[in-house]
Amino acid sequence: MDIYKCTIVDIAYYENEKQVIVNVDIQDDIIEMSCEVNGICFSSSGEYYFDTFQSLRDRLLELGYGIKCNGSRINAIQSGMRGYSENIYLVEIGKQALNKDIFRIWDYADIKDFPSTDEQKIYANKWYKSLDPSVVIDKNIITSFCPETAPLVAISLLEMLVGKEKAEIVATAMGFQLAKL
């Protein structure tokens with residue numbers, strides 16, 4: 001079991017900050033999180049770390065409490081590859097997420113706005129749509145942000161292996177027009 005000391009705030013009275021202990025237990029691919037505020041126990045469980053955090057955070061928000069941590073930022077997003085960890089990306093519209101953008105969910109954040117999960121998802125969708133190009137090639141690394149770009153990733157990889165001309169032939173034979181990818 002992991003224990004995190006977090007700062008929560010009564011959203012109606014921002015000067016009323018309190019320290020709480022959040023317990024995180026991971027067993028058999030189930031993540032359980034819980035904390036107690038003013039005698040009320042809040043808990044959440046799920047398969048993915050950030051989703052479980054968001055559920056716990058939303059329960060706290062329903063009763064007027066915000067958690068002052070990175071996971072509560074509007075621009076917090078978790079990659080599917082990090083789904084079982086406490087690491088998130090703090091992203092910016094129009095910019096690809098990089099290693100320097102990785103932070104721990106529970107680290108303190110001096111914030112005054114406490115978005116809900118739905119608000120974070122709206123921001124995440126805006127961020128995904130802002131990425132142009134949808135596939136980034138950096139030396140021998142190809143990254144993409146959604147399954148819809150799989151054909152472009154495949155053709156990009158093929159181009160790296162056999163050259164642009166042959167990749168275009170294969171793409172055309174598969175029914176793809178490179179200008180549309």
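Please read all numbers here as calculations on a predicted model, not as lab measurements.
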Say whether [X] and [Y], considering side chains only, have a donor N or O and an acceptor N or O under 3.5 Å apart.
{"X": "Gln19", "Y": "Thr7", "answer": "yes"}
{"X": "Ser34", "Y": "Ser43", "answer": "no"}
{"X": "Thr117", "Y": "Asp58", "answer": "yes"}
{"X": "Gln54", "Y": "Arg59", "answer": "no"}
{"X": "Asn38", "Y": "Tyr65", "answer": "yes"}

So does [Y] get a backbone contact from the side chain of [X], meaning a donor-acceptor N/O pair under 3.5 Å?
{"X": "Gln120", "Y": "Gly71", "answer": "yes"}
{"X": "Asp28", "Y": "Ile30", "answer": "no"}
{"X": "Ser156", "Y": "Leu152", "answer": "yes"}
{"X": "Asn70", "Y": "Arg104", "answer": "yes"}
{"X": "Glu47", "Y": "Ile31", "answer": "no"}
{"X": "Glu168", "Y": "Glu165", "answer": "no"}
{"X": "Ser72", "Y": "Lys68", "answer": "no"}
{"X": "Asn16", "Y": "Val9", "answer": "no"}
{"X": "Ser45", "Y": "Glu32", "answer": "no"}
{"X": "Trp127", "Y": "Gln96", "answer": "no"}

Looking only at heavy atoms, what is the nearest atom pair of [X] and [Y], with distance?
{"X": "Ser130", "Y": "Gly94", "result": "OG-N, 2.6 Å"}
{"X": "Val20", "Y": "Glu36", "result": "CG1-O, 3.8 Å"}
{"X": "Gln78", "Y": "Phe50", "result": "OE1-CB, 2.9 Å"}
{"X": "Pro115", "Y": "Leu61", "result": "O-CD1, 3.5 Å"}

Do [X] and [Y] sit in the same hydrophobic cluster, where Ile, Leu, Val, Met, Phe, Trp and Tyr count as joined when their side-chain heavy atoms come under 4.5 Å apart?
{"X": "Ile40", "Y": "Phe114", "value": "no"}
{"X": "Tyr4", "Y": "Ile105", "value": "yes"}
{"X": "Met160", "Y": "Leu158", "value": "yes"}
{"X": "Phe103", "Y": "Ile67", "value": "yes"}
{"X": "Ile102", "Y": "Ile93", "value": "yes"}

Can you list the steps and then say if Val22 with Ile3 is a side-chain contact (heavy atoms from CB on, under 4.5 Å)? CA-CA 6 Å; Val22 178; Ile3 297 173; over 6 Å; no
Do the charged groups of Lys121 and Asp118 touch, with an N to O distance under 4.0 Å?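 The answer is no: the pair does not qualify as a salt bridge.
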State, yes or no, whether a side-chain contact exists between Asn87 and Tyr49 at a heavy-atom distance under 4.5 Å.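 No, side chains not in contact.
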Taking the side chain as every heavy atom from C-beta outward, state whether Cys69 and Tyr108 have any pair of such atoms under 4.5 Å apart.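 Heavy-atom side-chain distance check fails, nothing below 4.5 Å.
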Measure the spacing between [atom1] of [X] and [atom2] of [Y] and express it to the nearest 0.5 Å.
{"X": "Leu157", "Y": "Glu159", "atom1": "CG", "atom2": "CD", "value": "10.5 Å"}
{"X": "Ile26", "Y": "Asp2", "atom1": "CD1", "atom2": "CG", "value": "6.5 Å"}
{"X": "Ile88", "Y": "Asn75", "atom1": "CD1", "atom2": "CG", "value": "8.0 Å"}
{"X": "Cys6", "Y": "Glu17", "atom1": "SG", "atom2": "CD", "value": "12.0 Å"}
{"X": "Leu56", "Y": "Thr52", "atom1": "CG", "atom2": "OG1", "value": "9.0 Å"}

Step by step, work out the side-chain contact (heavy atoms from CB on, under 4.5 Å) result for Phe42 and Cys35. CA-CA 5 Å; Phe42 296 87; Cys35 68; 4.1 Å; yes
Give me the ring orientation class for Phe53 and Trp106: parallel if the planes are under 30° apart, tilted from 30 to 60°, perpendicular past 60°.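 Phe53 and Trp106: perpendicular rings.
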Just checking Met174: does its CE atom have more than 12 heavy atoms from other residues, nucleotides or ligands closer to it than 6.0 angstrom?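 It does not: Met174 CE has 12 such atoms or fewer within range.
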Atom CG of Asn140 with >12 non-hydrogen neighbours under 6.0 angstrom: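 Counting other residues, nucleotides and ligands, CG of Asn140 stays at 12 neighbours or fewer.
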Go through Leu90 and Arg73 one step at a time and tell me if the side-chain contact (heavy atoms from CB on, under 4.5 Å) criterion holds. CA-CA 8 Å; Leu90 296 179; Arg73 293 179 185 269; 3.7 Å; yes
